[in-house]
There are 2 protein chains.
Amino acid sequence: MEKQEITIYDVAREAKVSMATVSRVVNGNKNVRDDTRQKVLAVIDRLNYQPNAVARGLASKRTTMIGLVVPELNNLYFSELSKGIDDIATMYKYNIIITSVDTSVNREEDVISALLSKQVDGVIYMTNELSTIARDAFTRTRTPVVLAGTVDAESKLPTVNIDYQASITEAVELLANNGRKKLALVVGKEDADINRSYRMKAFAEATTKLGLTDSADLIFPNNFGYEDGYDLYEKIKANNVDGMIVTRDVTAAGLMNAALDAGVDVPADLEIISANNTIISKIVRPSMTAIKQPLYDIGAVSMRMLTKLINNEELDEEHVTLPYSISKRNSTK
Amino acid sequence: MEKQEITIYDVAREAKVSMATVSRVVNGNKNVRDDTRQKVLAVIDRLNYQPNAVARGLASKRTTMIGLVVPELNNLYFSELSKGIDDIATMYKYNIIITSVDTSVNREEDVISALLSKQVDGVIYMTNELSTIARDAFTRTRTPVVLAGTVDAESKLPTVNIDYQASITEAVELLANNGRKKLALVVGKEDADINRSYRMKAFAEATTKLGLTDSADLIFPNNFGYEDGYDLYEKIKANNVDGMIVTRDVTAAGLMNAALDAGVDVPADLEIISANNTIISKIVRPSMTAIKQPLYDIGAVSMRMLTKLINNEELDEEHVTLPYSISKRNSTK
DNA sequence: ATGAAAGCGCTAACAA
DNA sequence: TTGTTAGCGCTTTCAT
């Protein structure tokens, strides 16, 4: 099963130089006479030589690979984040090993240690509030880690986020200003919803502060997909809710469609705000008001931070908070 | 920057055995006495030893990593495929290096050679009709390659697909049976739309065969996102189209919303079929009739095939064609 | 069943 | 500027 035919040794022989010189040429080292460089380059080209990144990784202790941990693959929220990471990673010539922790097949612990054993140069973790397992693993390793869209009060890891609490507070205020009296917060599963507890806390506080005391407890957890949202509407209706904030866009779409199917007028009788502004918010009718997170930027900034950490450069800020906004569309007045 | 503290050598010393024995234990080799195994395992546990996958890869020529090439990251179509791949890969303990070729930043050639230089054990390619560059690279390498959702008439690479031509033909017939007279096909960019030319061919043939000769040329290319679809509606209207097939779901949603905003009755005046049945087809109102591809299965089967190729096992079929269906919803009669 | 030793293909001192 | 020579941490014959 030899995959590697041509090695640095072959090139050296053919070009009548040492391996070291070939290595220098390949790595762009300046200390090579120009005609030597040309000669080596010609041989490399002729033999179609490709350096073996594994051998290189072993010798140099740098793999030019970074690990990316996401909760789900088929979710536009993480896709958008990933795209930001990918673009910057490409710019810096890093490859991305992506691992999801959404299947019961893989335990988070195994996933992380597999990543670390592969000697990735860094890890970007964007799987919700940091689990104990992950926190322990990241504390133990010397591999740099950045948390993207993931708050963790207990660890010192660098983070890139928006102000989740403020965004929920603002959404609550928006609904209250529109005269809504009975609000609800619909969130996802504990292990698959970014910063769920921060949002829940903000919701309870903001509603209480605004005197909507019977809203403070109206938090519906464990809603995942479109169907979950659709089915949940029964309960929303039973509670006479007239305004809600839904963390996941597909769930929000399910709730809205259920309401529409039940003959409810959105936004006249029920206002909805999604906490994730993916394309879905724009596509649905009525289009949905949503908290617009700079997902791409969160990814890009995280990756940029990681490159600095990898190169032992100083970080301007350990914890970056990016601005969010609320895109007002037609599911609110 | 030492990342690896504990090596196999440390374990060997502490357990008073040779490296070879530790290696055997780690790799589950049978030729180890049971008490030796226990002893080694205890030390491994105590020292928290993690084998260095890079060193292992260099020595064994297997990296337990596979490469995945996709055109875009933030597209539910590929997300769903990726999920199928990921689940099977996890099962077989492979990690996935994912690379997109959607940015102008990265040339396909570089992306592929970066992947191969990383000594991945195999590659799954799902970027549309195989480019010349990719075909050449894959012909040259010994690394196994599987094409997922990608037809290529010229190469001998294993593939997993649905019958794209038949699916379009069936969609055309559905619209024709509903009495539609002027059909259109809306496709994406050449390099970002799976098997575009097969679909175009099938569309032209099917419409001609059904006597809808002025539909045969009504193919609108280069439509990418939601806005593209929305803006394209002008032309659709100008051509008096009364039924259309749109390869990308977001584009279909854009077209439909534009039609609705223009006061058109969907499906009474205009019927729409999406060629990608992602969650978006279900969410939009009216919900959209869509060609339902077994995306998850295409991914899973591809990955399973790849594991066989990696292990030099016989393939049952070189070219797998999975069944599709048309999910009838409310954008057709 | 266990150990010794030779690589895997490359980088990085250190010499020259 | 170039070459020599140790490794990097592991797997894998080949002995024993």
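Chain letters run A, B, ... following the sequence lines, proteins first, then strands; residues in each count from 1.
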Please list, chain by chain and in numerical order, all residues satisfying side-chain hydrogen bond (donor to acceptor under 3.5 Å, both in side chains) with [X], sequence neighbours excluded.
{"X": "T159(B)", "result": "H319(B)"}
{"X": "R13(B)", "result": "D10(B)"}
{"X": "E314(B)", "result": "none"}
{"X": "N311(A)", "result": "R62(A)"}

What is the distance, rounded to the nearest whole Å, between atom [atom1] of [X] and atom [atom2] of [N]?
{"X": "D10(A)", "N": "dC8(C)", "atom1": "CG", "atom2": "C1'", "value": "14 Å"}
{"X": "R13(B)", "N": "dG9(D)", "atom1": "CZ", "atom2": "P", "value": "13 Å"}
{"X": "N29(B)", "N": "dG3(C)", "atom1": "CG", "atom2": "C1'", "value": "14 Å"}
{"X": "R62(B)", "N": "dC8(C)", "atom1": "CZ", "atom2": "P", "value": "19 Å"}
{"X": "Y9(B)", "N": "dG7(D)", "atom1": "OH", "atom2": "C1'", "value": "14 Å"}
{"X": "I6(A)", "N": "dC10(C)", "atom1": "CD1", "atom2": "P", "value": "10 Å"}
{"X": "Q50(B)", "N": "dC8(D)", "atom1": "CD", "atom2": "P", "value": "20 Å"}
{"X": "K118(B)", "N": "dC10(C)", "atom1": "NZ", "atom2": "C1'", "value": "14 Å"}

Between the protein and nucleotides 11-14 of chain D, list the N/O to N/O atom pairs that are separated by less than 3.5 angstrom.
residue, atom, partner, partner atom, Å
dT11(D), OP1, N27(B), OD1, 3.4
dT11(D), OP1, N27(B), ND2, 3.1
dT11(D), OP1, R56(B), NE, 2.8
dT11(D), OP2, S23(B), OG, 2.7

If only side-chain N and O atoms of [X] are considered, is one of them under 4.0 Å from the OP1 or OP2 phosphate oxygen of [N]?
{"X": "K61(A)", "N": "dG9(D)", "value": "yes"}
{"X": "N31(B)", "N": "dA1(C)", "value": "yes"}
{"X": "T7(B)", "N": "dG9(D)", "value": "no"}
{"X": "T21(B)", "N": "dG3(C)", "value": "yes"}

Original post:
How sharply is the helix from dA1(C)-dT16(D) to dA16(C)-dT1(D) bent, taking the axes over five pairs at either end and rounding to 10 degrees?
Top reply: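 About 30°, once rounded to a multiple of 10°.
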
**OP:** Output the residues of residues 32-40 of chain B in contact with DNA chain C, where contact means a heavy atom of the residue under 4.0 Å from an atom of the strand; sort by number or write none.
**Re:** V32(B), R33(B), T36(B)

Subject >> Given DNA chain C, 5'-ward residue of the pair V17(B) and L58(A), judged by closest heavy atom >> reply: V17(B)

Original post:
Who are the ring-ring contact (aromatic ring centres under 6.0 Å, His included) partners of Y125(A), not counting sequence neighbours?
Top reply: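 Checked Y125(A) against ring-ring contact (aromatic ring centres under 6.0 Å, His included); matches are F138(A).
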
Partners of [X] by salt bridge (charged side-chain N to carboxylate O under 4.0 Å, His left out), sequence neighbours excluded?
{"X": "D297(B)", "answer": "none"}
{"X": "K308(B)", "answer": "D316(B)"}
{"X": "E80(A)", "answer": "none"}
{"X": "R33(A)", "answer": "D35(A)"}

Original post:
Closest approach of V54(A) and K118(B), non-hydrogen atoms and distance?
Top reply: CG2-O, 3.6 Å

Original post:
Would you say N95(A)'s side chain and M65(A)'s backbone share a donor-acceptor pair under 3.5 angstrom?
Top reply: no

Subject >> T90(B) side-chain N/O to I88(B) backbone N/O, donor-acceptor pair under 3.5 Å >> reply: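 It does not hold such a pair.
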
